[in-house]
Amino acid sequence: MRRNGPPVLPGIDVLIKRNLANLRGRSLGLLTGAGGVTSNVIPTISALWEQDGLRLAALFSAEHGLRGTAPAGALIDSSRDTATGLPVYSLYGTHREPTDEMLEGIDTLLVDLQDIGVRYYTYAATVRAVLQVAARRSLPVVLLDRPNPITGIALEGPVAEPGFQSFVCPALVPTRHGLTLGELARWMNRAEGIGAPLQIVPMHGWRRDQWFEDTGLPWVPPSPNIPTPETCLIYLATCLIEGTPVSEGRGTAQPFQIFGAPWIDAETMAGYLNGLKLPGVYFRPTWFQPTASKHAGQTCGGVQLHIVDRRSFAGVPTGLHLLAALRLLYPEQMHWTRDESGAYYVDLLLGSDAPRLALERGTTVDDLVATWQTGLQKFSTERQEFLLYQVQPRTTVSGAQDTLSLSEETNARTGDVDTLSPLEILQLISEEDATVAGAVAGELPAIATGVEHVVAAFRAGGRLIYAGAGSSGRLGVLDAAECPPTYGTDPSQVVALLAGGPPAMTRSVELAEDNEAQGGREVDALAVSARDVVLGIAASGRTPYVAGALRRARELGAYTIALVGNADGSVAAAAELVIAPQTGPEVIAGSTRMKAGTAQKLVLNMVTTTAMICTGRTYGNLMVNMQAVNSKLRERMRTIVAKATGTSPEVAAYALSLADDEMKTAIVMLRAGVDAGEARMRLDRVGGVVRSAL
């Protein structure tokens, strides 16, 4: 039962709530597992299979299989799903990444896995492999995000070292990284230079300080040995036992909650560990007989970990204390185990050999933990740009709950910016700006869907209409104003609505952006219809004027798109398609004209540029629909026609004069050796596309 906070909707619920806008018509592959369910406990496979207009082509499974029944480490064969008849391709068997054969006919990959917030749980490694393949194929990946069961705040353990990356250590992050799987995917994709076209569908309502029990969501074990959310926390400690001959409780009803071996005296071990007075945990002596895994069929003495205060419990340090205690009390039986390659398994788990070597030297756990702190502090700063969720909801003036966009949060890197020199400030701003392109790249699948609708609107005689306020709205005005001179469009084809009207281009118009009804009235004034696309722009995601414009446009049958920095706000809720680049906290808190504004400008330019290319307003990479509105553009027209035809600027100028300054006509004349009339006829027959006319 949920104990605090608003209801949480996982990514799959948010996707369905948004009417699957950017997935309809695509051929989808779905990577999921037992924990992939809706908030109503409907498996994601079933929820998507039942959606009209959605085509699931194949399923993919990670460790533990599609239904979460396979034991740890068990290799899984590909098969066929009995419920849907779809092929199920195993990514934990002969292959650890999708092959060309598996991906044949698939144009988008969905991922819905319930991670547990610990680096050595292998779902992150499978996601990393998928991203690497997707990057090579330019294949869009859409990840449906889920809660980190052990919160998104606490960080523990060493930051993994490059030489120790493996399937149980896929990312150079701490053992307890405090990220959702979506945030971790963003980290791997950008920080490690993978560069896949990745889009995250964020949860609605989740906060970083929430434990899984606080979300109100049902816990479906993602694997046989993670039966409860609390197990995720204990796993931080007792998974390290896997690197020893001691049982970590597999093959019992209490996996990872207990550990032991036939040669351990339960009372002695529990007494020693309780004497350490470790925070948040009590050790109870216990005896058990595993039915599988280590010491199967043998009676083992050991202890059970009882978490008495989960906030103070330090999982990784506790796990190191367990290892140290085993070495101290049972030096003859205790040793480090190795994998098939000869690597120490505990090194692979911890992402470093330093802890093992330190324990062998007799270094205390406290001293060992102290060596991690600099790395953890650095990671805490570096991860800020990848975070999608906040700690607390924002209370608006009206008292309603709304979430801050990430760009409005305080940037941990710039707290002392006012003490820096101008050059240092500029370097800091430049470093922050460098992250924007990656944030936009993650939204390419959604942007592509938006462009498809804009192209369809143009071909049907419809319009692209921007609706925005403040800095965001001004970007829409600028982009719309550039289309006629650059691409020769009619001024009515790309139109921009700005809260407060023309005066708002140069000054703030008080209360204009708060007028939701005015947004709707201005949409009505444009006689918006089903042929049009209306794109609302709001960095905060909460601007009433923009939300009102989108709601009214949707009522009138127009296709609606939200370009926002906050996918949980009212603007996104009013649209059919959401484009939400997550650029992270700004250098100056709340100044969304910086990174957030840069991302919006990039997206707007992408939408119109791609739509113009798709509707034949370029020839190759040359603009061929410009209008000679000034001497600069007239000179540019001559240069472009000359390049397109391989002639001199003088010949190009003469052809343009015969073609009444119609660039396309001049190009066809020179390339095809026809007169202006024939060139126009050819262009008319093919909808004005130069390449087709030739």
Side-chain angles (χ1 to χ4, degrees), residues 394 396-398 400 402 404-405 407-408 463-485 489-529 532-556 558 560-566 569-575 578-581 583 586 588-605 607-608:
R394 179 176 189 251
T396 62
V397 174
S398 63
D402 202 352
L404 282 169
S405 69
S407 62
E408 295 174 296
R463 300 164 293 176
L464 169 61
I465 300 168
Y466 294 139
S471 298
S472 297
R474 294 180 189 111
L475 290 173
V477 173
L478 292 173
D479 192 72
E482 287 295 322
C483 289
T489 61
D490 186 280
S492 65
Q493 189 171 10
V494 182
V495 182
L497 297 176
L498 176 63
M505 278 299 294
T506 56
R507 61 180 175 82
S508 176
V509 177
E510 188 175 357
L511 301 179
E513 67 178 57
D514 295 332
N515 194 332
E516 181 174 335
Q518 184 62 24
R521 285 193 292 269
E522 292 186 11
V523 164
D524 283 332
L526 284 178
V528 168
S529 72
D532 300 320
V533 173
V534 177
L535 192 159
I537 319 164
S540 71
R542 301 186 304 272
T543 309
Y545 172 89
V546 179
L550 288 174
R551 290 194 186 98
R552 182 55 181 153
R554 198 167 178 178
E555 290 172 358
L556 295 170
T560 51
I561 304 171
L563 173 55
V564 294
N566 176 15
S570 56
V571 174
V578 178
I579 301 170
T583 54
E586 300 284 8
I588 303 301
S591 180
T592 54
R593 68 187 182 89
M594 300 186 76
K595 289 192 297 183
T598 301
Q600 289 179 329
K601 184 179 188 302
L602 288 174
V603 172
L604 296 178
N605 288 168
V607 169
T608 48

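These values consider heavy atoms only, across backbone and side chains, with no hydrogens, waters or symmetry-generated copies.
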Notebook entry, point to check: Where is the tightest heavy-atom contact between A574 and A547, given as atom of each residue plus distance?
Noted result: CB-O, 3.9 Å
Margin query: Looking at every heavy atom in both A499 and A504, which two are closest together, and how far apart are they?
Written below: O-CB, 3.2 Å
Item checked: Approximate separation, where rounding is to 0.5 Å, of M505 CE and L498 CG -> 7.0 Å
Checklist line | Nearest non-hydrogen partners of A469 and V546, listed with the distance | finding: N-CG2, 4.2 Å
Check: Less than 4.5 Å apart, any side-chain heavy atom of L526 and any of R463?
Finding: yes
Note to self: Counting C-beta onward and ignoring hydrogens, is there a side-chain heavy-atom pair between R521 and N515 closer than 4.5 Å?
What the structure shows: yes
Notebook entry, point to check: Can you find a pair of side-chain heavy atoms, one from Y545 and one from L497, that are under 4.5 Å apart?
Noted result: yes
Notebook entry, point to check: Hey, what do you get for CG (L535) to OG1 (T560), rounding to the nearest 0.5 Å?
Noted result: 9.5 Å
Notebook entry, point to check: For the atom pair NZ (K601) and CG (L563), what is the distance rounded to the nearest 0.5 Å?
Noted result: 13.0 Å
Next item on the list: Mind listing the closest non-hydrogen atom pair of C483 and V494 along with its distance?
Entry: SG-CG2, 4.0 Å
Margin query: So, taking the atom named OG1 in T598 and the one named CG in L475, what distance separates them when rounded to the nearest 0.5 Å?
Written below: 8.5 Å
Check: Does the side chain of T489 come within less than 4.5 Å of T608's, by heavy atoms?
Finding: no
Margin query: Pairing donors with acceptors under 3.5 angstrom, does anything connect the side chains of E513 and T543?
Written below: no
Notebook entry, point to check: Going by heavy atoms in the side chains, are V603 and I537 under 4.5 Å from each other?
Noted result: no
Notebook entry, point to check: Can you name the closest pair of heavy atoms from R507 and R474 and give their distance?
Noted result: O-NH2, 3.6 Å
Next item on the list: Write down the atom of V523, the atom of A549, and the distance for their closest heavy-atom approach.
Entry: CG2-O, 3.5 Å
Next item on the list: Decide yes or no for V571 and S540: does some side-chain heavy atom of the first lie under 4.5 Å from some side-chain heavy atom of the second?
Entry: no
